[in-house]
Structure formats: C-alpha cells, structure tokens
Amino acid sequence: GRGFAFRRKQKVERQYRKLLKKGRKVHSQQDNQFTDTYPEHLKHLYLAEEEMLKKRRRAPSDSVLSEEKLNKAVEYGYVCLVIVRIWGTCTFSHRSVTTEGKFKKKTSNQKAKEEYEKIKAERARKREEAEKRKQQREAAQRLYKQKKMEAYKILSKKTKRGQPNLNLQMEFLLQKIQQNT
C-alpha cells in the first residue's frame, strides 16, 4: 500500500525530478555562453571546446539516472542523500555518492598558452641563431679588412724617389705563396 516506504520513494523521486529540472536550466544557460562572437584568431579553439562540451553532455555515462535505477534503489532500501554529477557516473550507496573517472583535460586557454610559449621559444631560438651569425659575419669582415689594410700598406710603400718598393712587394707575394702551400 501506501505506507512509509512508498512515501519515502515519492519524496526521493520528487527530489530527483527537481534536480533534473535544475540540470536542464543550467544546460540552457551554458548553451547561451557560446552564442557570442569570438575573436578570429581564437575562434577555432572556442568552437572546439564547445563541441567537446556538447559531446560530454550527450555521453551516456554522463547522463542522469533513469527512473528504473531510481525505483531499484528505493526498493533495495538505498537512499541517495545527494545526487552529484562530476564528469563521472553517479552511483547509489548507503552514505555517500561515489564518482568515477575524474581526469583533467587541457582547456582551450591552456592549449593556447602552450602554443604561445612554443612559438615564443622558437622565436627566441631563431633570434639567438641570427645574432650568432651576425657576430660571425662581423668578425670575418673585421679580419678581412685588417688583412686587406696590411696588404695595402705593404704594396703602397714608396722609395725616397716615389717609385714603388719592389722588394716589399716580392716579399709579400712570397709570404702569400707560402701561406697557400
């Protein structure tokens, strides 16, 4: 009949329906947050997160408990004190509700930050390489100018009468030949 257990069952069913209603309201509010316009450079990240949230809502393991499960729980004498839904399935127990599978996935913001850090590190590495190449080039140019200047000083020497000093030029050519061999 309509004794103590029946009233308890009715009370739990009412609480469960109330939670279902609240859940629907929350979902409709969450849907509204994705109707804004997104910045172009981040649009793909927001849309990917929106798809992921929609899939998670549709997942059977994430769905709320059915009427049949509720009836069985009441028949067996279990009273679900609190129905909790946190990324896992809700199960009935004597005292508390256990949740399964609480694993963390990266949000779009975290992914974007990681991407930014990678790009930043890559740019810094390229900048350092360019700086090294520039310094090497400058050192090579200094060395080249120094050798050129020494050669010019030797080859431009003149005698007292203003004639080119052929002895110095021959010595310079001899040194050059010896360096090459």
If you group Ile, Leu, Val, Met, Phe, Trp and Tyr whenever their side-chain heavy atoms sit less than 4.5 Å apart, what else falls in with Phe4?
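Joined to Phe4, directly or through intermediates: none.
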List, by chain and number, the other hydrophobic cluster members for Leu168, where Ile, Leu, Val, Met, Phe, Trp and Tyr join if side-chain heavy atoms come within less than 4.5 Å, directly or indirectly.
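Its cluster mates, by chain and number, are Ile154, Leu155, Phe172.
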Spatial distance of atom [atom1] ([X]) from atom [atom2] ([Y]) [nearest 0.5 Å]:
X	Y	atom1	atom2	value
Gln110	Leu45	CD	CG	12.0 Å
Leu174	Gln178	CG	CD	4.0 Å
Lys18	Leu20	NZ	CG	12.5 Å
Glu114	Asn109	CD	CG	10.5 Å

Indicate every side-chain donor-acceptor pair of residues 133-153 with a distance under 3.5 Å to a residue at least two apart or in another chain.
none

More than 12 foreign heavy atoms under 6.0 Å from NZ of Lys176: is that the case here?
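It does not: Lys176 NZ has 12 such atoms or fewer within range.
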Taking it one step at a time, do Leu19 and Gln15 satisfy side chain to side chain contact (heavy atoms under 4.5 Å, CB included)?
CA-CA 6 Å; Leu19 283 172; Gln15 288 174 342; 5.6 Å; no
Please identify each residue that fulfils side chain to side chain contact (heavy atoms under 4.5 Å, CB included) with Arg161, with sequence neighbours left out.
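Arg161 satisfies side chain to side chain contact (heavy atoms under 4.5 Å, CB included) with Thr159 once adjacent residues are dropped.
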State which residues pass side chain to side chain contact (heavy atoms under 4.5 Å, CB included) with Ile119; sequence neighbours excluded, sorted by chain then number.
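Ile119 satisfies side chain to side chain contact (heavy atoms under 4.5 Å, CB included) with Glu115, Arg123 once adjacent residues are dropped.
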Please walk me through it: do Leu53 and Arg56 pass side chain to side chain contact (heavy atoms under 4.5 Å, CB included)?
CA-CA 5 Å; Leu53 287 173; Arg56 195 180 296 149; 3.6 Å; yes
Identify, with sequence neighbours excluded, every residue that meets salt bridge (charged side-chain N to carboxylate O under 4.0 Å, His left out) alongside Glu122.
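Once residues adjacent in sequence are excluded, the partners of Glu122 under the salt bridge (charged side-chain N to carboxylate O under 4.0 Å, His left out) criterion are Arg125.
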Answer yes or no: is there a side-chain heavy-atom contact under 4.5 Å between Glu129 and Lys132?
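No, their side chains stay 4.5 Å or more apart.
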